[in-house]
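Since the structure comes first, as structure tokens, the remarks are kept for the end.
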Amino acid sequence: MISENDNIKTNSLAAWILAARPKTLTGAMVPVMIGAAWAWKIGGGENFRIVPAILCILFAFLMQIDSNFINDYFDCVKGNDDHTTRLGPKRACSEGWITLPAMRIGLVFTSLLACLVGLPLIFFGGWKMILVGVVCVVFAFLYTTYFSYLGLGDLLVLVFFGIVPVVFTTYVILPDHSQALCLKVIMSGVICGLVIDTLLVVNNYRDRDNDKRDGKITLIVRIGKEEAEKLYTALGLMSYLQMACVLFLGEKQDTLFVIFLCFIFAPYGILHYKTAMLMKKIKKGKELNLILAHTARNMLLYGIATTIAIVSS
């Protein structure tokens, strides 16, 4: 396994792998899993189209990597990734692992590759999928360069890691697109976005002092440390709203199914609460990177539990 503590050669494959931030791909995968689960549940196995499902997950992965490259490049250019004060994981450009000209080529390449991978979705979802793809790429740039400085990053996570991927994954997989535009799918997208926002919350919680210094007024800078700790705990527990969504908008509402839902969601809820208490104990510093890793793990458990719950409902 490649480590940021290794001797990384400039513009090497190892440098690009670290710049892609593989651990963040959980956030891209979970909403697609949930959207695919709803498509399976609503349309049945005979109407589940595997090709658009694969294209959606590839597009999501590429857009996540693209966003990471964009963030790496522009934060380095703006001087926000000063390696002497940075608390988060090391960044490729600021560490000199990847040169700025190479990163410019890299982010353009991943943007174009994501568009190329997503383009065939027009055969499954119509020409409107081009607009969806363009909006995703544009906002990947606007997040780092503009919206994150206004404290709107959490809103973008809600939209682009919740509503958009859940709803449109369901939309392109189902032959009857109108079936995806229903309350249970949209609500699942909202809840998914709120849960995934825990990753951004802990990231901004760790960086709150540096962000304030750099004029990056994130939501956490606005509300303060104590409220941020409460927000992190609350957002994770939103997963139980997902359970309620599956229960009351699904087909099964019997006691045994309620017990089943509680059982499969329990590991995520327990681990999230423990992670929240650990974050509150650590408070500040590089040790909070451990909370990032735990949060990514927890989100994967949430995605698995939600997928099982939807398919079984």
Side-chain angles (χ1 to χ4, degrees), residues 21 24-32 34-35 59-60 63-71 74-75 78 80 88 111 114 131-171 181 183 185-208 210-212 214-239 241-242 245 272 276 279 292 295-296 298-299 302-303 306:
R21 309 179 201 173
T24 65
L25 296 182
T26 300
M29 179 173 61
V30 166
V32 177
I34 294 173
F59 179 78
M63 282 308 307
Q64 179 63 61
I65 293 170
D66 191 38
S67 298
N68 292 339
F69 286 173
I70 292 167
N71 178 259
F74 283 101
D75 277 359
K78 291 184 178 183
N80 293 348
S111 297
L131 177 60
V132 174
V134 169
V135 169
C136 288
V137 173
V138 169
F139 274 87
F141 280 88
L142 289 178
Y143 168 76
T144 291
T145 59
Y146 184 68
F147 287 109
S148 63
Y149 285 82
L150 302 178
L152 297 175
D154 302 87
L155 178 60
L156 293 189
V157 169
L158 173 63
V159 174
F160 291 100
F161 285 87
I163 300 170
V164 169
V166 171
V167 172
F168 280 100
T169 296
T170 310
Y171 185 90
L181 304 177
L183 180 61
V185 176
I186 296 171
M187 283 301 300
S188 284
V190 172
I191 297 164
C192 178
L194 292 173
V195 173
I196 289 181
D197 191 44
T198 55
L199 201 62
L200 181 62
V201 168
V202 69
N203 188 72
N204 290 342
Y205 177 84
R206 180 200 62 212
D207 293 339
R208 60 189 183 275
N210 288 348
D211 286 343
K212 188 174 182 179
D214 295 333
K216 191 174 183 179
I217 310 303
T218 65
L219 176 63
I220 304 308
V221 171
R222 293 180 187 276
I223 67 176
K225 176 172 64 67
E226 288 78 11
E227 294 304 315
E229 293 165 357
K230 295 176 184 177
L231 177 63
Y232 178 85
T233 304
L235 285 174
L237 296 179
M238 290 291 179
S239 66
L241 288 181
Q242 188 75 266
C245 177
H272 173 75
M279 184 179 89
L292 275 177
T295 301
N298 297 347
M299 283 182 352
Y302 156 76
T306 301

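Basis for what follows: all heavy atoms, side chains included, without hydrogens, waters or symmetry-related copies. Note that the structure is a prediction, hence the values are computed from the model and not measured.
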[X] to [Y] - nearest heavy-atom pair and separation:
| X | Y | result |
| --- | --- | --- |
| M63 | C136 | CE-O, 3.6 Å |
| Y205 | A228 | CD1-CB, 3.8 Å |
| P165 | V159 | CD-O, 3.8 Å |
| K78 | T145 | NZ-O, 3.2 Å |
| A60 | V32 | CB-CG2, 3.8 Å |
| T233 | A276 | OG1-CB, 3.3 Å |

In Å and rounded to the nearest 0.5 Å, what is the [atom1] to [atom2] distance from [X] to [Y]?
| X | Y | atom1 | atom2 | answer |
| --- | --- | --- | --- | --- |
| L150 | L142 | CG | CG | 10.5 Å |
| L235 | L199 | CG | CG | 11.5 Å |
| E226 | L231 | CD | CG | 13.0 Å |
| N298 | T26 | CG | OG1 | 10.5 Å |
| L292 | M279 | CG | CE | 10.0 Å |
| N71 | D75 | CG | CG | 4.5 Å |

[X] versus [Y]: any side-chain heavy-atom pair under 4.5 Å?
| X | Y | value |
| --- | --- | --- |
| V166 | T169 | no |
| N210 | K216 | no |
| Y149 | I217 | no |
| M238 | T198 | no |
| N203 | T295 | no |

Check for a donor-acceptor pair, side chain of [X] on one end and backbone N or O of [Y] on the other, with a separation under 3.5 Å.
| X | Y | value |
| --- | --- | --- |
| T306 | G303 | no |
| T218 | N204 | no |
| R208 | R222 | no |

Please identify each residue that fulfils side chain to side chain contact (heavy atoms under 4.5 Å, CB included) with L131, with sequence neighbours left out.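 For L131, the residues satisfying side chain to side chain contact (heavy atoms under 4.5 Å, CB included) (neighbours in sequence not counted) are V135.
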Mind checking side-chain hydrogen bond (donor to acceptor under 3.5 Å, both in side chains) for [X] and listing every partner two or more places apart, or none if nothing turns up?
| X | result |
| --- | --- |
| N68 | T24, Q64 |
| S111 | D66 |
| S148 | none |

Quick one: ring-ring contact (aromatic ring centres under 6.0 Å, His included) partners of [X], sequence neighbours excluded?
| X | value |
| --- | --- |
| F141 | none |
| F59 | none |
| F147 | F139 |
| F168 | Y171 |

With K212 via salt bridge (charged side-chain N to carboxylate O under 4.0 Å, His left out) - residues at least two apart: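 Once residues adjacent in sequence are excluded, K212 has no partner under the salt bridge (charged side-chain N to carboxylate O under 4.0 Å, His left out) criterion.
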Qualifying residue for side-chain contact (heavy atoms from CB on, under 4.5 Å) with I220, from D211, D154, L200, V201: V201
Before giving the answer on side chain to side chain contact (heavy atoms under 4.5 Å, CB included), spell out for L181 and T170 the whole-Å C-alpha distance, their side-chain angles and the decisive distance to 0.1 Å. CA-CA 9 Å; L181 304 177; T170 310; over 6 Å; no
Can you give the donor-acceptor pairs under 3.5 Å from side chains of residues 188-197 to other protein atoms, not counting sequence neighbours?
{"from": "S188", "atom 1": "OG", "to": "W38", "atom 2": "NE1", "distance (Å)": "2.8"}
{"from": "S188", "atom 1": "OG", "to": "K184", "atom 2": "O", "distance (Å)": "3.0"}
{"from": "S188", "atom 1": "OG", "to": "Q242", "atom 2": "OE1", "distance (Å)": "2.7"}

Might you work through the ring-ring contact (aromatic ring centres under 6.0 Å, His included) test for H272 and Y232, ending with a clear yes or no? CA-CA 9 Å; H272 173 75; Y232 178 85; 4.8 Å; yes
